[in-house]
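Here's the structure we're looking at; comments come further down.
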Amino acid sequence: MNSKYCFPDGNTTFQSLAGSFKAIKDPLSYVSGEIKKFGGTYSGFMPGKGRVIVTQDSSFVNYVLRENHTNYQKAKLDTDVVAKQLGTSLLFVNGDDWRRQRRLIQPAFHHNSIQQLYETVMNTVNAYIANFPQGAQVDVYPLMRELSFSVLLNSLFNIDMSREMTDELCRGFINLQDFMAKDVLQPFRRFLYPVTGAEKNLVKQWDGIRDMLRGIIAQRRADETTHNDLLAMLLNSRYEDTGQGMSEEQLISELLILLFAGHETTGSTLSWLLYLIASNHQVCEKLICTIEKTDMLDSPRDSYINAIINEGMRLYPAVWINERVAIKDDQFGGFSFPAATSILTYIYGMHRCEAYWEDASTFNPERFLKSEGLIDKNVKNYLPFGAGPRMCVGNNFAMAEMAFVLYTIFKTFHISTTGAPPAAWPLLTLRPREVILNIKKI
C-alpha cells in the first residue's frame, strides 16, 4: 500500500480473500462483524476494486453522499450483462449525463405530479387485495412483489395490457434478478456462459421486452388522447438546454429501471412491514385504530402510518449498502485515500447502530413521531432513500404506495405470524427469502 495515504485499520489482502467466502454466504453478518471489530469503519481488499473502505459512521456517510458528493460517483455494476440492460438509465450514469437526466425526470416525480396518480394506484391496490389469498402459511413476499409490479405498470402505462404482456414483463425482471444474483455471487459461472447459453438467453428475452416497450411508446405517440400516467409525463418532459425530449432508447432505459428498481424495493419493504406489524400487537392495534379514523386517500398523509413505514425501512433498508467511487484523492478525519477508491456506506449498520438509536433492534414507530404526534422529518442517521442530490427520485411515489397497501390490507385482514422470522437475502436490494404469515379476512 502506498504510504502516502492513510487508510482505516482493516484486513490485509489475504484476510479479505479468506473472509470473502463468509461475505458471499452471509454479507450482513460478515460486514456487521468487521464493522464492530474495527469501530465503525474499516478497509479491506476486493478483487477488481483494490483497497476499499466500508463505513457506518454517520459523519463519513454524510460526507460522501452529501457534503462532498461532487467528488464521488456511482460505481459500475459488477455484472456486465445486467449493466448492458440497465446501464444508461438515471440510476447508473454519472456527471453531466446524470445531472441532465435528473433535471428532466424529477418533475414527473414531484409530490404534486404523483398525486395525479393516486386514483390509479388505489384502484390497482383494491383490485389486487380483493383477490388476496387467505389461510395459514402464506408467503407474502411474491405477492407484495407482484402487487408492486402491477402498481408500477398501471402507473407507467395507463392502458389495457394483455395478460401475456404483463407476464412476459414480470418473468423478464424475475429472470434478470436471478441472473444478477448468480452472476455476482458465483462469478466463475461466467466462464460457462458460452456453453450454457445463460447470457444469450437473457439478452434475447430482454431484446423482446425492449421491443414491447418500443411498441407501447410508438402507439402512445400516435395517440392524440390525453393520458394520466408516468409515460405521458416523461414523453412531455424536455431538456433545459435543447428543448428536446428523451430519445426512444433513453426513454426505454428509464422505463426499465423504474420497473426494475421500483417494484423490487417496494415489494421487499412491504413484505418486511407486514411481518413487523404482525409481530407487534401494540403497533398492529394502533394501526387498525388509525385506519378506522381516516380514509384510503388520506393514508399517505397520516403521521402514524408514515412512522410505521419509516421504522420498517430503518430496520430493513431496501438499499442496504451504497457504493461510491472517489474521483480525486480525498481525506476524511484521519483517513486519506487515492482517486478510484470505493467507499461502501453501510446503511443497514448505521440504521441499527446503538450509538445512533435507542433500542436499535426494536421495532418502534414512535421514534419517528414528535411529542404532539406529528411525523418528525428531521430524524438523523436515517437514509432509506439515500442522501444528497442522488436521493431516490421515486421516494414520494413509494411512500404513498406503501401507505395505500398497508391501509387496505389491515382494513381487510387479520394477519398473524407463524413464528418463523424471515431470512434476509442481501443482493442489490435487501430481499426476504420468504415471509410466511397467517391471513384471515376480518
Side-chain angles (χ1 to χ4, degrees), residues 56 58 61-62 65-66 109 111 114 121 144 148 261-262 264-280 282-291 293-294 296 298-322 345-388 391-410 422 424 429-432 435:
Q56 69 178 29
S58 174
V61 171
N62 277 282
L65 299 183
R66 284 189 176 122
F109 289 91
H111 187 70
I114 293 302
V121 177
M144 291 299 97
S148 184
E264 174 63 26
T265 53
T266 306
S268 294
T269 301
L270 281 168
S271 301
W272 292 117
L273 282 166
L274 292 182
Y275 171 77
L276 290 167
I277 296 167
S279 302
N280 191 305
Q282 183 177 355
V283 172
C284 188
E285 287 299 311
K286 187 169 180 179
L287 173 60
I288 292 171
C289 290
T290 299
I291 289 171
K293 293 183 290 187
T294 188
M296 188 176 185
D298 288 332
S299 59
R301 292 189 287 268
D302 185 86
S303 296
Y304 191 65
I305 292 175
N306 275 276
I308 287 175
I309 296 171
N310 287 347
E311 178 70 342
M313 292 191 296
R314 181 186 70 84
L315 288 170
Y316 296 101
V319 181
W320 61 282
I321 195 166
N322 263 311
T345 58
Y346 189 40
I347 306 301
Y348 179 89
M350 189 176 79
H351 280 189
R352 289 170 172 258
C353 180
E354 293 288 346
Y356 304 139
W357 306 91
E358 184 178 352
D359 296 325
S361 61
T362 301
F363 178 61
N364 176 24
E366 304 286 341
R367 72 173 84 241
F368 285 91
L369 295 175
K370 298 178 181 179
S371 57
E372 59 269 29
L374 299 176
I375 197 73
D376 188 348
K377 296 182 180 181
N378 297 309
V379 176
K380 296 180 179 180
N381 312 312
Y382 176 66
L383 306 174
F385 294 108
M391 184 174 179
C392 174
V393 72
N395 62 323
N396 289 328
F397 183 92
M399 289 295 293
E401 177 188 346
M402 289 188 284
F404 291 142
V405 173
L406 293 183
Y407 178 93
T408 307
I409 286 180
F410 284 93
T429 59
L430 185 59
R431 296 168 55 177
V435 181

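Of the possible donor and acceptor atoms, none in the side chain of Ser148 sits under 3.5 Å from a partner among the backbone N and O of Met144. The backbone N or O of Asp359 lies less than 3.5 Å from a partner atom in the side chain of Arg367, making a donor-acceptor pair. Formation of a donor-acceptor pair under 3.5 Å by the Arg314 side chain with backbone atoms of Arg352 is not found in this model. Gln56 contributes no side-chain N or O that, together with a main-chain N or O of Tyr346, makes up a donor-acceptor pair within less than 3.5 Å. Remark: the backbone N or O of Thr294 is paired with a side-chain donor or acceptor of Tyr407 at under 3.5 angstrom.
How far NE2 of His111 is from CZ of Phe397: 13.0 Å, rounded to the nearest 0.5 Å. Rounded to the nearest 0.5 Å, atoms CD1 (Ile305) and CZ (Phe404) are 10.0 Å apart. Summarising the geometry, atom CD1 belonging to Ile321 is positioned 7.0 Å from atom OG1 belonging to Thr345; distances are rounded to the nearest 0.5 Å. With values rounded to the nearest 0.5 angstrom, Leu273 atom CG is found 8.0 Å from Ile308 atom CD1. For the atom pair CG (Asn280) and NZ (Lys286), the distance works out to 11.5 Å, reported to the nearest 0.5 Å. The CG atom of Leu369 sits 5.5 Å away from atom CD of Glu366, with the distance rounded to the nearest 0.5 Å.
The two residues Ile277 and Cys284 come nearest to each other via the heavy atoms O-CB, 3.6 Å. Of all non-hydrogen atoms in Leu274 and Phe410, the two that sit nearest each other are CD2-CE1, 3.6 Å. Scanning both residues, Ser271 and Val435, for their nearest heavy atoms gives O-CG1, 3.7 Å. The minimum heavy-atom distance between Gly394 and Phe109, with the atom names listed, is CA-CD2, 4.0 Å. Across all their heavy atoms, Leu383 and Met350 have their closest contact at CD1-CE, 3.6 Å. Counting all heavy atoms, side chain and backbone alike, Thr269 lies closest to Ala318 at OG1-CB, 4.0 Å.
Proximity of Leu315 to Thr362: side-chain heavy atoms (C-beta onward) are nowhere separated by under 4.5 Å. Counting only heavy atoms from C-beta outward, the side chains of Asp298 and Asp302 never approach each other to under 4.5 Å. Looking only at side-chain heavy atoms (C-beta outward), Ser58 and Tyr356 come within less than 4.5 Å of each other. Using a 4.5 Å cut-off on side-chain heavy atoms (C-beta onward), Val319 and Phe385 make no contact. Side-chain contact between Ile309 and Leu406 is present, with at least one heavy-atom pair separated by less than 4.5 Å. By the 4.5 Å heavy-atom criterion applied to side chains, Val283 and Tyr304 are counted as neighbours. Looking at heavy atoms from C-beta onward, Met399 lies in side-chain contact with Met313 at the 4.5 angstrom threshold. By the 4.5 Å heavy-atom criterion applied to side chains, Ile375 and Asn310 are counted as neighbours.
Asp376 meets the salt bridge (charged side-chain N to carboxylate O under 4.0 Å, His left out) test with no other residue; sequence neighbours excluded.
Other residues, nucleotides and ligands contribute more than 12 heavy atoms inside 6.0 Å of the CD atom of Glu354. Heavy-atom neighbours of Glu358 CD from other residues, nucleotides or ligands within 6.0 Å: at or below the threshold of 12.
Using cut-offs of 30° and 60° on the angle between ring planes, the pair Tyr382 and Trp357 is perpendicular.
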Problem set entry | Working for side-chain contact (heavy atoms from CB on, under 4.5 Å), residues Val379 and Phe368 | CA-CA 7 Å; Val379 176; Phe368 285 91; 3.8 Å; yes
